[in-house]
Amino acid sequence: MLRFANFSDYDAARQGTLRVIATVKPFQRNNNSSSAPRSLRVVALVAVLAIGLAACSGSGPQTALNPEGPVARTINDLWKLVFVMATVVFVIVQAAIIYAIVRFRARKGDDTEPVQLHGNTRLEIMWTIIPVVILAAIAYPIVKGIFDVRAVADGPEALQVQVTGHQWWWEFEYIDLVGEDGRTLVTANELYIPEDTDVNLIMTSADVIHSFWIPVLAGKRDVVPNRVTNLRIHADDATPADEPHPGQCAEYCGLAHADMRFKVHVRTAADFDTWVEGQLTPAAVPTEGTAADGFEAFNTCVACHNATVAGPDGVEDIGPVPTIQVDGVTFTSSLAPNLAHFGSRGTFGAGTFENNREHLAQWLANPSNLKPMRPELNNIAEGRILGMPNFNLSDEDIDSLITLLEGWK
Amino acid sequence: MAEAAAHRSHPTPAMYWGIALFLGVVTAIEIAVPSISALDPIKVPLLWMLAAVKFFTVVGFFMHLRYEKRLYKTLFLFGVFGVFPLFIVVLLSMDAL
Amino acid sequence: MSSQAAPVETHDHHDIRPIRKAAMWVFLGSECMFFGSMIATFLLYRNETGDGPGSEIFNIPFTSASSFVLLMSSLTMVLAHNAFEKRDARTTRIWLGATALLGTIFLAGQIFEFAEFVHEGLTLSTSSFGSAFYMLTGFHGAHVAIGVMMLMAMFYLSLDGRLYDDRGLNVELVGLYWHFVDIVWIVIFTVVYLLQV
Amino acid sequence: MVLDTSKDLAPAEPTGIWSWITTVDHKRIGLMYGFTALVAFFVAGLEALLIRLQLTTANGTVLSADAYNQLFTMHGLTMLLVVVMPVGAAFMNYFIPLHIGARDVAFPRANAFSYWLFLFSTVMLLSSFVLGGAPDGGWFGYAPLSTQLEEYVRMDYYAIGAQLLGIASIMASANFIATVFTMRAPGMTLMRIPVFTWMAVVVSFLLIFSLPIFGVGLFQMFFDRNFGTQFFSGGGDPLLWQHLFWLFGHPEVYVLILPAMGIVSEIFPVFSRKPLFGYPFVVFSGIAIGFMGFGVWAHHMYTAGLGPVAEAGFGLATMMIAVPTGVKIFNWIGTMWGGKVSFELPMLFAIGFVSLFVIGGLSGVLHSVVPSDYQQHDSYFVVAHFHYVLFGGGVFGYVAGAYYWYPKWTGRFLDKKLGLWHFWLMLLGFNMTFAPMHILGLNGMPRRTYRYGEDLGWEFWNQVATVGSFIIGISFLLFAWNLIRSHKRGLPAGSDPWDGRTLEWSISSPPPVHNFDEIPVVEHVDDFWHRKYATDDDGRAVRMPDVSGGTISAETATGDDGSHEEEDMHMPSPSYYPIVAAGGIVTMGYGLVYVPGGWVVVGIGALISLWGVFGWSLEPVTRGGDHE
Ligand code: HEA
Ligand code: HEA
Ligand code: CUA
Ligand SMILES: [Cu+2]
């Protein structure tokens with residue numbers, strides 16, 4: 001009864017002349033000839049298991065699994081709940097698959113045919129309803145979680161910070177922290193917040209969509225041109241000076257999206273006040289030495305960079321301070337990071353490079369070497385800045401500029 | 001044949017003229033509505049309604065959809081009725097309604 | 001879906017018109033989404049006029065007249081189809097011509113209107129409102145133009161009696177398309193013009 | 001290598017390159033779709049390998065940021081629009097007519113046109129690499145980044161290329177819908193259609209209704225870039241693009257998976273020797289997935305600034321898609337239950353599909369939990385999710401289909417030993433590559449980043465992933481070799497090698513040009529099976545007494561030599577106008593990319609397409625007038 005197709009059958013089939021072709025039960029034939037790479041199977045299955053186990057642990061400074069504040073913790077608790085649910089479903093389904101293929105595999109020499117069962121309505125309704133029930137059970141915590149996490153921190157004790165995303169750096173303006181000269185505190189790429197305090201971020205973008213994300217403190221929220229978005233963050237404890245929480249732009253925003261990072265420093269209330277005071281103090285205009293040469297050279301830079309300095313003529317902004325209006329909110333939207341207190345930052349280039357003389361020298365020698373940018377497309381008049389150009393600075397200028405900037409604590 | 005059956009109740013040219021007259025009248029009403037200030041509160045739903053009346057009159061009679069197979073109706077009305085909920089939700093979520 | 005009851009058709013060199021009509025209806029369903037997206041865009045930007053002019057520059061009487069013209073072209077179209085079904089080639093031709101003519105008048109009106117608006121300072125790039133307005137009405141106009149071209153092709157074919165209904169392009173299909181373009185305008189006229197004033 | 005099969009198709013069929021260019025045979029068009037998609041898969045896979053090389057170490061230096069951004073954009077775009085979608089189209093083209101007992105699709109020339117337009121748009125997209133740079137705005141091209149740099153033509157290639165691919169797809173879908181609804185064999189009611197073809201119908205509807213929305217978005221993007229409109233910038237709102245894109249983009253992901261689900265729904269019954277468990281449930285859950293797929297688009301926008309109410313609504317709606325999907329999963333398992341499961345290659349890949357898709361589906365449900373997604377969005381967790389559904393689901397499913405139907409295409413089996421190596425290597429490599437991405441994503445690694453710092457602790461798992469990706473690469477080299485080799489040297493398969501259930505197995509392999517000598521009259525789901533088997537009192541299948549040595553095939557009834565000269569056997573004649581029209585349109589596309597300078601080219605293209613369209617509509621067609 002069982003007949004193997006042979007080459008003449010095949011030829012006949014090709015000619016279209018063979019009208020009746022033997023049925024071959026291929027699994028029986030092929031089982032005999034199969035030479036499965038057995039060890040490979042074991043490797044594959046073990047590897048899958050190992051990776052699955054490793055998935056359960058959070059590690060690294062940017063992990064979402066070790067929250068350092070209540071907002072991230074709410075999210076993490078919800079995640080754990082749903083993850084457990086998913087794991088249970090996963091185990092059940094995979095177990096059923098494995099059971100089915102082991103138990104019901106075709107065995108050698110067994111030629112009987114199975115019962116031709118077309119379905120079982122009751123069973124099918126059951127496995128339609130059970131998932132609905134599971135999902136309905138987690139619906140409430142999810143909706144509650146959404147409203148919890150998205151509650152805007154607009155209480156009186158909350159710190160208000162306006163965030164402007166730029167290609168490819170961040171600008172922060174503390175609208176409630178005003179210096180004696182009436183200027184608000186503006187800084188870039190390193191956000192300082194007091195511990196155990198709600199912070200309300202009021203965000204927009206100067207160019208394309210970015211997304212503000214510090215995994216240990218909160219989920220991300222997009223930063224959209226023409227729109228204002230809000231994010232509440234809250235950190236439990238102060239961070240060591242050299243271990244701020246890392247953050248990252250999470251929405252692809254062009255060339256240097258990867259290098260659009262930032263840091264969040266959490267400080268005790270007292271330390272925070274000290275920091276604020278320092279930042280609100282205008283930078284000094286150096287009058288002698290290398291730093292003074294640097295200030296001279298800095299003339300080129302103020303086409304884009306601002307710094308509030310206290311010079312012979314009193315306190316003044318030496319660079320542009322443009323603003324944009326979005327939905328009735330005024331945002332400072334500078335062309336380039338404010339450098340008045342550059343020396344106090346641990347990193348530069350949007351949280352990407354450690355702030356030291358060596359790196360700065362490389363930066364000033366050719367910024368695009370260190371971080372990909374498109375300064376050739378800049379148009380200062382239209383406020384379109386896509387990176388810092390190379391000014392072909394001399395070694396002396398570089399040296400003196402570094403001295404100036406590192407001195408501006 | 002299904003086709004023949006469909007043609008049995010087909011409108012006649014006279015009826016087409018009548019429908020066109022009806023459409024013209026509805027259009028006249030439409031144009032008048034914005035200028036009648038008494039109707040202002042219900043202007044928007046009213047205009048949408050009148051447009052819908054014209055829309056389905058043309059579809060039903062001029063395009064014969066009334067007389068066609070269910071298949072065609074389904075194919076087309078999916079599009080017509082699909083588009084509304086989708087974009088109402090889009091506009092709602094963008095605070096534009 | 002009571003699929004068991006669905007009519008089963010064999011296709012073997014029987015009437016193939018249903019196949020084409022099905023495809024045409026699907027296509028029109030698809031076009032609903034196309035115009036729906038642009039109408040939604042317009043609704044979104046109806047007030048985003050920036051520094052440029054807004055709906056106050058609309059000339060409702062004028063547009064009403066051209067809307068009426070397009071509406072009546074649906075009548076001539078259906079009359080053409082009716083004559084075609086009765087194998088009355090001459091009448092078919094007359095109504096086809098009339099439809100094409102009305103469509104052309106509508107298009108001329110639209111061109112005139114666009115010229116007027118540009119003159120008043122509303123262009124594609126003036127504001128989001130302008131962008132949305134021109135895109136929506138422009139794509140509609142393009143549909144009308146394609147329709148007119150198809151009508152003229154039909155007209156031409158009818159001259160030497162080549163209007164068969166099993167041809168790829170036949171009077172019925174062109175008619176469906178043409179009515180569709182008309183009903184889209186019914187919506188556009190309401191949403192873009194009447195609702196804004 | 002698939003192209004070479006020209007010579008092996010039925011003898012009556014013309015051969016030579018010209019016959020392929022002018023073909024309107026749905027089977028050849030299907031093979032061409034498949035071949036093109038396979039080549040594109042290797043291109044996009046190569047792009048992925050470069051991406052993996054760059055990410056192997058922290059601060060990798062294999063690629064520049066600029067190159068990296070082009071590569072991941074093109075990788076995603078190519079994989080989705082040029083690999084998986086067309087592979088689906090390949091199977092649909094080949095098997096819809098065979099499944100419903102038809103001689104061809106409704107509009108054979110429009111079908112050819114769809115293919116050529118797809119092919120040329122693909123070539124156009126890929127050519128951008130050497131003509132000013134490939135698209136680099138991510139596969140979903142978020143505005144205003146995508147409209148920002150008018151200096152580069154890159155995103156113009158995206159706007160035009162995707163538009164043309166969309167037009168090709170809309171035409172193909174309308175074609176499939178018309179085919180299935182109007183050309184079924186007598187007795188082939190809707191509830192007797194094979195599940196694969198059902199899913200093809202759902203997919204066609206999804207495309208018909210979602211692509212126009214994408215098309216409008218792409219026009220707006222193109223106008224913003226070239227004509228100064230303000231759809232997404234100026235007074236415009238960037239979120240409009242996201243809505244338009246995902247209104248298409250989410251249905252699109254079901255477009256990618258449903259045909260694969262259809263394929264495994266064909267495979268499970270055959271290799272379990274049982275009918276599909278709950279055929280109506282499987283069909284209706286597919287339809288339900290299609291409907292629900294239109295209502296959840298904003299789950300890609302949880303972080304974009306919608307209100308919490310909208311987020312909650314979309315979140316819950318998204319989760320609910322797990323229900324119809326689960327129905328399918330359980331029904332597949334139910335099909336194996338109590339069956340005689342044989343581990344032929346198609347079955348192995350199908351089981352792999354189910355198992356891996358469940359992982360990807362569950363991570364999808366984890367995404368749908370809105371607050372969790374605030375953390376996961378745009379991280380490697382998402383990358384892991386969609387590779388599990390697209391590769392673990394989609395690619396496994398389509399590969400299963402290839403092993404299953406290769407005998408039908410060529411008359412020969414794919415080599416089993418090579419196939420086993422392919423399967424196990426692919427399974428290993430796949431999990432090594434993408435499972436670690438869950439971990440990376442939860443540990444904060446953002447996607448679309450060409451480099452990362454060494455202090456973040458991501459190096460180890462990235463290395464595992466890179467090794468894994470090369471293992472996948474090797475497995476596919478084996479597959480390619482298998483496809484080539486078995487075509488000439490594979491074991492002969494005969495017409496019904498798997499003891500199949502559906503009509504395509506009732507005709508010779510490869511099928512004759514006209515598919516069926518006589519249009520079958522259908523009485524059951526799995527009609528062919530019912531011609532071979534009856535059931536005894538216990539419900540067990542019993543082979544019917546052999547009619548003539550082997551199985552009963554549809555041809556048995558006629559018993560003649562296939563030289564049918566009845567009128568209804570005329571097949572549509574070949575035509576080169578579809579390729580001309582498609583060529584003209586793509587020429588216009590190239591011109592548009594380079595406007596205003598390109599207007600001349602647009603004009604030339606318009607003339608060519610007019611020539612194509614006019615020739616097309618005036619051309620006489622054999623079969624009583626073609627349907628276009
Ligand atoms: C084949 C393609 C495919 C498929 C089938 C799916 C299926 C699903 N996807 Fe996925 N998705 C993508 C492709 C796909 N996705 C892609 C490409 C992206 C990223 C785009 C980009 O950003 O580039 C994405 C992104 C994406 C997001 C956005 C993430 C983000 O960017 O932040 C979300 C959020 O909700 C999501 C959810 C889901 C859900 C809930 C399903 C469901 O359909 C899954 C349902 C299946 C199951 C759940 C498993 C089986 C069911 C059971 C065993 C029953 C029991 C289960 C329960 C009770 C839970 N997907
Ligand atoms: C069906 C869809 C599909 C498939 C099959 C794949 C397959 C693969 N993808 Fe895919 N991927 C996407 C769809 C897909 N991807 C999408 C939509 C994105 C998002 C893009 C965006 O963000 O815009 C993405 C993004 C994406 C990223 C994230 C990039 C980033 O965000 O920065 C990565 C990173 O590792 C990746 C890797 C891979 C790998 C290693 C494979 C492998 O499985 C590929 C395997 C194939 C081969 C290897 C080719 C075959 C063999 C050869 C060419 C022979 C040569 C081989 C050797 C010598 C070994 N993909
Ligand atoms: Cu800014 Cu990414
Ligand atoms: Cu989605």
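Sequence lines set the chain letters: A, B, ... in the order given, protein chains first and strands last, and positions in each chain run from 1.
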Given that the side chain runs from C-beta out, which part of Val90(B) has a heavy atom under 4.5 Å from chain C: side chain, backbone, both or neither? neither
Name the region of Phe189(C), side chain, backbone, both or neither, that has any atom closer than 4.5 Å to a heavy atom of chain B. side chain
For Met72(C), is it the side chain, the backbone, both or neither that has a heavy atom under 4.5 Å from a heavy atom of chain B? side chain
Does CZ in Phe84(B) sit with more than 12 non-hydrogen atoms of other residues, nucleotides or ligands closer than 6.0 Å? no
Contacting region of Asn47(C) [heavy-atom separation from chain B under 4.5 Å]: neither
Which class fits the ring pair Phe139(C) and Phe34(C): parallel under 30°, tilted 30 to 60°, perpendicular over 60°? perpendicular
Backbone N/O of Met77(C) and side chain of His81(C): donor-acceptor pair under 3.5 Å: no
Contacting region of Trp95(C) [heavy-atom separation from chain B under 4.5 Å]: side chain
Region of Ser74(C) in contact with chain B, defined by heavy-atom distances below 4.5 Å: both
Just so I know, are the side chains of Thr57(B) and Ile19(B) near enough to count as touching, which here means a heavy-atom distance under 4.5 Å? yes
Are more than 12 heavy atoms, taken from residues, nucleotides or ligands other than Phe55(B), located less than 6.0 Å from that residue's CZ atom? yes
Picking from Thr27(B), Leu91(B), Asp95(B), Val33(B), which has the most non-hydrogen pairs under 4.5 angstrom with chain C? Leu91(B)
Where the side chain of Ser131(C) meets the backbone of Ser125(C), is there a donor-acceptor pair that is under 3.5 Å apart? no
Would Arg87(C) count as a cation-pi partner of Phe84(C), with NZ or CZ less than 6.0 Å from the six-membered ring centre and within 45° of the ring normal? yes
Between Pro13(B) and chain C, with a heavy-atom cut-off of 4.5 Å, which part of the residue counts as in contact: side chain, backbone, both or neither? both
Between Gly175(C), Ala83(C), Ser67(C), Ser37(C), which has the largest tally of heavy atom pairs under 4.5 Å with chain B? Ser37(C)
